[in-house]
Amino acid sequence: MASTSKDVPTSPSGHDNTDDDLEPGASYDSILNPTDSFEEFATEMNTSLERSRDLTKKSSTISEIQSEIGECSKELKETKSSDNLQNKDEAISASTSNSNLDENGEDTDNEDDYLKSPELVNKEKHVFILSSAGKPIYSRYGNEDKLAGVCGVIQALVSVVEEQNRDILRSIITKDCKAVFLVKGPLILVAVSKSNESETQLVLQLTYAFNQIVSVLTLTQLNRIFEQRRNYDLRRLLSGAERLIDNLLIFMEKDPAFLLGAVRCLPLPEKVRENITNAIISTCHKIRDLVFAILIAGNQLITLVRMKKYTLHPSDIHLLFNLVRSSESFKTAESWTPICLPKFDATGFLHGHVSYISEDCQACLLLLTVQRDAFYPLSQAKHTISDKLRRSNCLTAINDALNRSKDLPTTNPLKHIGIPEIRHFMYKCKSTAQLFTSDPICLDRLQDYRQRHKEGGDVVKKKVEKLSDIDYVRNYREFCSKMHCACSPAKLIFRSNSLDTVLAWITNGFELYVTFDPLMEKDQAIRAVDRLLRWIKNEEKRIFIMNAPTF
Amino acid sequence: MKVVEAKIVVLGSQGVGKTSLVVRYIGKMFSKHISPTIGASFFTCNINVDDARVKLQVWDTAGQERFRSMAPMYYRNANAALLVYDITNASSFAAIKGWVKELQSNVPEPMVLALVGNKCDLESCRAVSNNEATQYATSIGAAYCETSALHDQGIDQVFLSTATALLSLSSTNLVSSMRSYDSVDGDERLPFGNPTEEMATHIGKVELPAWSDDRVAHGETQRTMCC
Ligand SMILES: Nc1nc2c(ncn2[C@@H]2O[C@H](COP(=O)(O)OP(=O)(O)OP(=O)(O)O)[C@@H](O)[C@H]2O)c(=O)[nH]1
Ligand SMILES: [Mg+2]
C-alpha cells in the first residue's frame, strides 16, 4: 500500500563531516518514500505486496482517493460493469485465441537437446517465471514453450519442500551457480545466476519482475485468473509485456539505482527545476483527480508533483522508467493507458496520459489519475505545460542536461571535483531515496552496452582494460551486500589492492561507494571522501530534488 | 461551412497494422519500426468532404490481449469504428466478430463501421478471401476495404468513406454524441459542448497542404497531424 508523507522522518540525523547539519541531499520533505537500507527496501517490497493480496477494493489507495474527491459511488459502479465485461472478453478471446501462442506442440523429447543449445548454455543469469501449476510463463532466454520440462522440475522442487517439509525453498547453491526461488501469489519465480550478486539482490530482482507483471495486470486480476483456472496460460495476457521484463532485467543489472533502492534525478539548476514544477502546479492544481504528474528523461527524474498525502516508492518510479524506456510508441502520439503501480496500489489501475513534452525535447510527461475519462483535460494540460516550459527556456535546460553539455559541473563531476585519485563514486541520500553517481549511465550508453553484448548475457572471461561505469557498479555489488548483510552489517569497508581501492561507508543519512586508484592509504582516502561529500553538499540543489511539491 | 466533430476508434488484433494505417494516413509515412501501441494513442485529423469538414479524433487502440478489457474506455461515445484485420491471419479476422458483438451490445448510438483487411500487399499469403470478408461486411452493415499501409493502398478511401458516412449520420440527428455546427472559416467556434473537449481539437499542429486524390471523384481532404 502507499504510505503517506507522515512516514517521512522529519529529522534525519546528520554526520559530522560536513559543516551543515544535514547530509548532502537530505531535506525535511520527500517526494519518495525513504528507503533506509537495501535490506529494508527488499523486505518491504516483499511484505507490503503480500499484505495487499487480500485487500478488498474498499481499502485500496485508488478508491480512497476516489472517495475523497467524491467520485466514489460512480467509479465503483463503473468498475463493476467493466469487470463483468472483462469476464465476457475472456470468454470471447478464449475461443478466438491467438494461433501463434497455441502452438506449443513441440516434442518434449527434444528438450534435453534444447537445454544444451547456445540459446541457453553459458548465460550469466537465467530468469524463469512459471505458474504454481508449473506452466511456463516467461524465460529470459530461449523459448519458454520448449522449457515445459524445466518448469515441471522447478514446480516439483518447490512443492516437495513446501508439502513434505513444510518449509520454503529459498535457494540452491553450487560451486559456480546460485538458484534463487521466490513464490509469490500464484507465480513461482526463479533466478539461476553465475554473477556475483547476493541471494538478497537476486530475490529483489525477482520481486521486481513480479511487480512488473502486477503493473500490467494488477494483483487483483492476476489472483482472480488463477483462482478461476489454476491451469491458465498467462502468456496470452502477457503477450507484448515480455519486453518489459527483458528490459527490466537488463536495467537492474546495470543501473545502481536498483542496487541502492533509489532514484536518480536529472541534474538541473535549482531555478529551472522550480520553474518546471511551478508550470506543472499552476496548470494542474485545478484538476481534482490527478494523483501524480511526473516528468522524466533518460531514466532520470526531473520533477514529481503529487496529491497531498501520497508519495511514491522508488520501485514504482523504476517501473515507470522501464515502461517509458521500453515503449517507443509513446513517441508517436499522446497515449492513454492503464498503469498499475504495485507499491502505490497493487489492486487497481491508475490511468496515465503519457507523452513526450515536444518533438525537440526527449522528456516524457506522465499524468496519472484515478479518473478514466480524464484524457481530454489532461491532454490540454500537457499542451499548456509544454508551452510554458518552452517559453521559460526550460526545454533548453533539460536538453543541455540530457546531452551532458560540457559547461555543466554535473556532466563530468570527477573533473569538477578535482580529486584525481577518485575513479568512480555513487552516493545515496537515504531520507529522500535519491542517488548520484560520478558517471550517469545514460540511456544511449545502456543501449550501446546491450549492442556490444548482443549475444546477450553470456559469461565472459576476458580481461577488461578500461572499466566502464557498469563494471564499477558490478564491483560495488559485493560491498553492498557485505554492508547490508543481515547478521553482521558493516559501517565502513576499506579494501585496497593492486587493482583498485574501494571504500564503502554507511551512516544514518547516506550510503557512499568510492573507487580509487590502487594502493591508496586509508587516511588519504578519508580526506578525499571528505572533499567529495563537501562537493556533493555544494551541488545538492542541482543534483537532488530537495522539496516535495504538491498540487 | 458545416463542421462535424466525431470520434473514431480503431480496433483489431495485435500486429494487424492499425498504427501503421493511421500513421500512414495522418503522418503520410510508413515505418517498419512502429512499436506495439500501449493502451491507446490519440490522433486528430480534419477531412474536407465537399464543402463540409469532418474533424476526427482518432483513437488507435492496442491489440495486445492485456488491454482487451480496457476497450470500453476507448470505444465509449465513438461514432465510427475501423475494424482492422490482417488478410494473412485468419484468427485476426475471426476476432473482428467478437469486436462487432461487443460494440453492438455496448454502444447504444448508431455507429459507422468499416471493415479493413490490411496487408493486402501480401497477396501470396492470403488467408481470408475477399469474398468472405465482403459478405461479412454486408451482414454487419459495414463498408469493406482492403488496404496496404506499406504501399499506401486503399487507406484514403477508408477514411474518406468513413468521413462521408459520418456526415450523413450527423444530419440524421440520431446521434447525440457527435457535435456539428456552422463555422465561417472552418475553425472552432463551438456554440455548445463541453469546454475541455473543445480544447482537444487544438492539438493538431502540422497542417499539411491540402491535396486531392484522383481515385476519389469528390472530396478534398486536409489533414492535421498531432505531435
Ligand atoms: N507487409 C505489410 N506489413 C504491414 C502493413 N501494415 C503494418 N505492417 C507491419 O505489421 C507490423 C505491426 O504493425 P502495427 O501498425 O504496429 O500493428 P498494430 O495493429 O498497431 O499493433 P498493436 O499496436 O500491437 O495492436 C509492423 O511490423 C508493420 O510494419 C502492411 O500493409 N503490409
Ligand atoms: Mg498499434
Could you tell me which portion of Leu244(A) (side chain, backbone, both or neither) has an atom closer than 4.5 angstrom to a non-hydrogen atom of chain B? side chain

Please tell me if the side chains of Tyr74(B) and Phe375(A) come closer than 4.5 Å, counting only heavy atoms from C-beta onward. no

Grab the two heavy atoms, one from Arg76(B) and one from Asp373(A), that are nearest each other, plus how far apart they are. NH2-OD1, 3.1 Å

How many angstroms lie between atom OG of Ser69(B) and atom CG of Leu237(A), to the nearest 0.5 angstrom? 8.0 Å

Could you verify whether a donor N or O on one side chain and an acceptor N or O on the other, from Glu334(A) and Ser41(B), lie under 3.5 Å apart? no

For a quick test of reading the model, state the closest non-hydrogen atom pair linking Glu65(B) to Arg236(A) and the distance between them. CB-O, 3.2 Å

When you compare the side chain of Arg66(B) with that of Leu238(A), does any pair of heavy atoms fall below 4.5 Å? no

Under a 4.5 Å cutoff for heavy-atom pairs, which residue among Ala241(A), Ser355(A), Gly352(A) has the most contacts with chain B? Ala241(A)

Rounding to 0.5 Å, atoms OG (Ser239(A)) and CD (Gln64(B)) come to a distance of 5.5 Å

Nearest heavy-atom approach of Glu328(A) to Ser35(B) is CB-OG, 3.2 Å

So, the part of Val23(B) with a heavy atom under 4.5 Å from chain A: the answer is side chain

In terms of heavy-atom contacts, Pro338(A) and Met70(B) come closest through CG-CG, 3.6 Å

Gap between atom CZ of Phe43(B) and atom OG1 of Thr332(A) - 0.5 Å precision: 6.0 Å

Specify the closest pair of heavy atoms between Thr37(B) and Ser329(A), including all atoms of both residues, with the distance to one decimal. CA-OG, 3.9 Å

Output for pair (Leu323(A) CG, Ile38(B) CD1), nearest 0.5 Å, gives 6.5 Å

OG (Ser335(A)) and CZ (Phe42(B)) are apart, to the nearest 0.5 Å, by 11.5 Å

